[in-house]
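Heads up, the thing below is written out as C-alpha cells.
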There are 2 protein chains.
Amino acid sequence: MRQRQNAELRKPEILRNFLEILVEEGIEGASIGKVAKRMGIHPSLIMHYFSTKETLIIEAVDHIVHEYGVLIDRMKPRTADPARRLRRLLDTLVGDEWHRVSEIAADFSVISISFRNPEVDRRIRRLYSLYKRFLSGELRALMDAGLIERRDPARRAELLMSMLEGYRHFKHFFVSERSAKSFRSDMKRAILRLLGTGGD
Amino acid sequence: MRQRQNAELRKPEILRNFLEILVEEGIEGASIGKVAKRMGIHPSLIMHYFSTKETLIIEAVDHIVHEYGVLIDRMKPRTADPARRLRRLLDTLVGDEWHRVSEIAADFSVISISFRNPEVDRRIRRLYSLYKRFLSGELRALMDAGLIERRDPARRAELLMSMLEGYRHFKHFFVSERSAKSFRSDMKRAILRLLGTGGD
DNA sequence: TCGCTTATTAACTGTATATTCAGTTAACAG
DNA sequence: CTGTTAACTGAATATACAGTTAATAAGCGA
C-alpha cells in the first residue's frame, strides 16, 4: 500500500490519466489496465471508484463537456458596446484558446462514442444546445444594434456553428500546409460576410 | 469447408463485413473474430487474406477513400454553361448523394484512426488534396465566367471545404430537430454569399 | 487503543483478442 | 490420374480485457 489518498484526489487523477490515454491511443486503446499501469496502481482500484468502464467513459465525457461549458460561459460579453462585442466574439470563436481546451483527438473519440452510446450522445446534444442558445442571443443583440443583418438568429447561429465546426476540423488537416494565421483571417472574413456586416 | 470462393470474391466480402461492423460498433468494437462470426467462417481465413488487422484496416480505409474519389470525379461538369455548373456543383455538394456514400459513423472512425495511424492520415490528406484541387479548378472557372467574386481560388476552396465539412458534421446533430431541407437551403445561400455572387 | 470506514492490493474468473501453424480439402492444369 | 496451388479449418498460442471477491492496511474518531 504505497500512497493513500482520498476519493476527491484519486478520482480526478484517474480521469485525467484516462483522458490522456484517450488522446494518445483513442477509445480503442483506452483500457482500465493501461490507466492503472500508467498510475502505478492496481486495476481493481479503478473499479473501486468507477464501478464499470462505462461510467468511467461517461465521467470523462462529462469532464470534457464541462470544460466547453465553462468556455462558452467565459465568452459572455463584459462590455455593452456592440462593436467590441462582435470583435471579441469573433476573436474567441476562431481563436486559439477555444481549440486548446480539449485535444481534438479526444473530441473525435467522444463523437465516435456518441454514435453508439446514447448517454454520450445526449451530453453532446445538450452542449450544442447551450452553445446555440448563447450564439443566438449574441447574434440577436448584434442585430438589434444594427451591426449585422437582421435574420432569424437561431438559424444564423446554426450556420455559424457549422462553419466553426468545419474550421476546427479543417485546421487540423491544413494548419501545417499553410499558415494558420491567414486561414484564420480568411475564416473571420467569411463569418462576417455570412452574418452580413455593412462593409466587405 | 462450406463454400469455396476465390480471393476476388472473398476479400471484398470480408472488407464489406468489416466496414459494416465498423459502422455498427466503431473501431473499438471491430474485431477479426466478429467479422468471422458474422460471415460464418474461421478467423484464420481472414488472416489468410489480410495477414494482419492493420492491413485490413488500411484496405477498408482505401475502400472508403476510393468511393469519395469516385464521387468527386462524378462531380466533374458535363456542361460548359457556367451558371448551370454552379447550380449543379452546389446541388451536389449539399445534396444527399454525397452524404449517402459512406456512413458518417465510419468516417468518424477513420478520422479517429488517422490520429494514430500515419498511413491512414496520409490517405485522408491525399483525398482532401484531390477534393481541393477539384474545387479550386471549378471556382476558378466560375471566377473567369464572372459568376463569383474573383479571389484566390485555392483559399476560397479551403473555406468552402471547411463549411461543407461543418455542414456534414452538424447535419447529423440537427437534422431531426429541424427540417433538413431548410438547413440545406440556408447552407446553399451561405455558400453563395461566401463565394460572392452578385445578388444576395 | 478499539473499531469503523475506506483505500488499496492480491488472486482470480471467463471471455475476447490477434496471430501462428500444421494440416485438410477442393479446383484445376498437365 | 497426378501434382500443385490456393482456399480453408482446427487447435493452440500468449496476451489483454473488464469485472468479482476477499483479504489487508491505513487513517481517524471515540
Side-chain angles (χ1 to χ4, degrees), chain A residues 1-61 109-110 112-113 116-120, chain B residues 1-61 109-110 112-113 116-120:
Chain A
M1 204 158 294
R2 297 291 133 77
Q3 339 93 289
R4 192 185 170 87
Q5 296 176 239
N6 57 19
E8 244 105 319
L9 295 172
R10 206 50 120 174
K11 275 194 75 172
E13 200 188 337
I14 292 171
L15 231 35
R16 214 194 63 231
N17 280 274
F18 179 74
L19 283 166
E20 279 172 21
I21 294 181
L22 194 68
V23 168
E24 291 167 20
E25 312 197 34
I27 184 66
E28 71 272 25
S31 73
I32 289 172
K34 276 183 196 158
V35 177
K37 185 172 281 181
R38 172 185 286 238
M39 295 178 68
I41 59 170
H42 211 273
S44 13
L45 186 57
I46 295 172
M47 300 307 291
H48 170 68
Y49 286 113
F50 308 85
S51 52
T52 133
K53 191 186 181 180
E54 165 93 9
T55 64
L56 177 59
I57 290 174
I58 297 285
E59 293 203 28
V61 170
S109 282
V110 169
S112 205
I113 297 166
R116 288 136 233 132
N117 187 320
E119 274 308 309
V120 175
Chain B
M1 204 161 296
R2 295 295 129 79
Q3 339 94 291
R4 196 182 171 86
Q5 298 177 241
N6 58 18
E8 244 104 321
L9 295 173
R10 207 50 121 172
K11 274 195 76 172
E13 201 188 336
I14 293 171
L15 232 34
R16 214 194 62 232
N17 280 273
F18 180 74
L19 283 166
E20 279 172 21
I21 294 181
L22 195 68
V23 168
E24 290 168 21
E25 312 197 36
I27 184 66
E28 71 272 25
S31 73
I32 288 172
K34 277 184 197 158
V35 177
K37 187 172 280 180
R38 172 186 286 238
M39 294 178 68
I41 59 171
H42 213 272
S44 35
L45 186 56
I46 295 173
M47 300 306 292
H48 171 68
Y49 286 113
F50 308 85
S51 53
T52 135
K53 191 186 181 181
E54 165 94 8
T55 64
L56 176 59
I57 290 173
I58 297 284
E59 293 204 28
V61 170
S109 282
V110 169
S112 206
I113 297 165
R116 288 138 233 132
N117 188 320
E119 273 309 308
V120 174

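Below, chains carry the letters A, B, ... as their sequence lines are ordered, and counting in each starts from 1.
- Nearest heavy-atom pair, Val120(B) versus Val110(B), reported as atom, atom and distance to 0.1 Å: CG1-O, 3.7 Å.
- We find that Lys34(B) and Glu24(B) are not joined by a salt bridge, their nearest charged nitrogen and carboxylate oxygen being 4.0 Å or further apart.
- Under 4.0 angstrom from either OP1 or OP2 of dG19(D) there lies at least one side-chain N or O belonging to Thr52(A).
- Rounded to an integer number of Å, the gap from CD of Glu25(B) to C1' of dA16(C) is 13 Å.
- Between the CD atom of Glu28(A) and the C1' atom of dT17(C) there is a distance of 14 Å, rounded to whole Å.
- The nearest whole Å value for the distance from the NZ atom in Lys53(B) to the P atom in dT20(C) is 15 Å.
- Here the P atom of nucleotide dT9(D) and the CG atom of Leu45(B) are 6 Å apart, to the nearest Å.
- Within the 4.0 Å cut-off from OP1 or OP2 of dT9(D), not a single side-chain nitrogen or oxygen of Ser44(B) is found.
- Of the side-chain N and O atoms in Tyr49(A), one or more sit less than 4.0 angstrom from OP1 or OP2 of dT8(C).
- No donor-acceptor distance shorter than 3.5 angstrom exists from the side chain of Lys53(B) to the backbone of Ile32(B), with no hydrogens or angles considered.
- Shown here for Ile21(B) and Ala30(B), the closest heavy-atom pair between the two residues is CG2-CA, 3.7 Å.
- The residues Glu13(B) and Arg10(B) are annotated as salt-bridged, a charged nitrogen and a carboxylate oxygen being separated by less than 4.0 angstrom.
- Across all strands shown, Lys37(B) has no heavy atoms under 4.0 Å from either base or sugar-phosphate atoms.
- One interatomic measurement links the two molecules: NE2 of His42(A) to P of dT9(C), which rounds to 7 Å at whole-angstrom precision.
- dC17(D) atom C1' lies 13 Å from atom CD1 of Ile46(A), rounded to whole Å.
- At a threshold of 4.0 angstrom between heavy atoms, the contacts of Ile32(A) are confined to the sugar-phosphate backbone, with no base atom among them.
- Going from atom CE of Met47(B) over to atom P of dG10(D) covers 18 Å, rounded to whole Å.
- In this structure, of dT9(D), dA18(C), dA18(D), it is dT9(D) that holds the atom nearest to the side chain of Ile41(B).
- OP1 or OP2 of dA7(C) lies within a sub-4.0 Å distance of a side-chain N or O belonging to His48(A).
- Checking the phosphate oxygens (OP1, OP2) of dT8(C), a side-chain nitrogen or oxygen of Arg10(A) falls inside 4.0 Å.
- The nearest whole Å value for the distance from the NZ atom in Lys11(B) to the P atom in dA7(D) is 10 Å.
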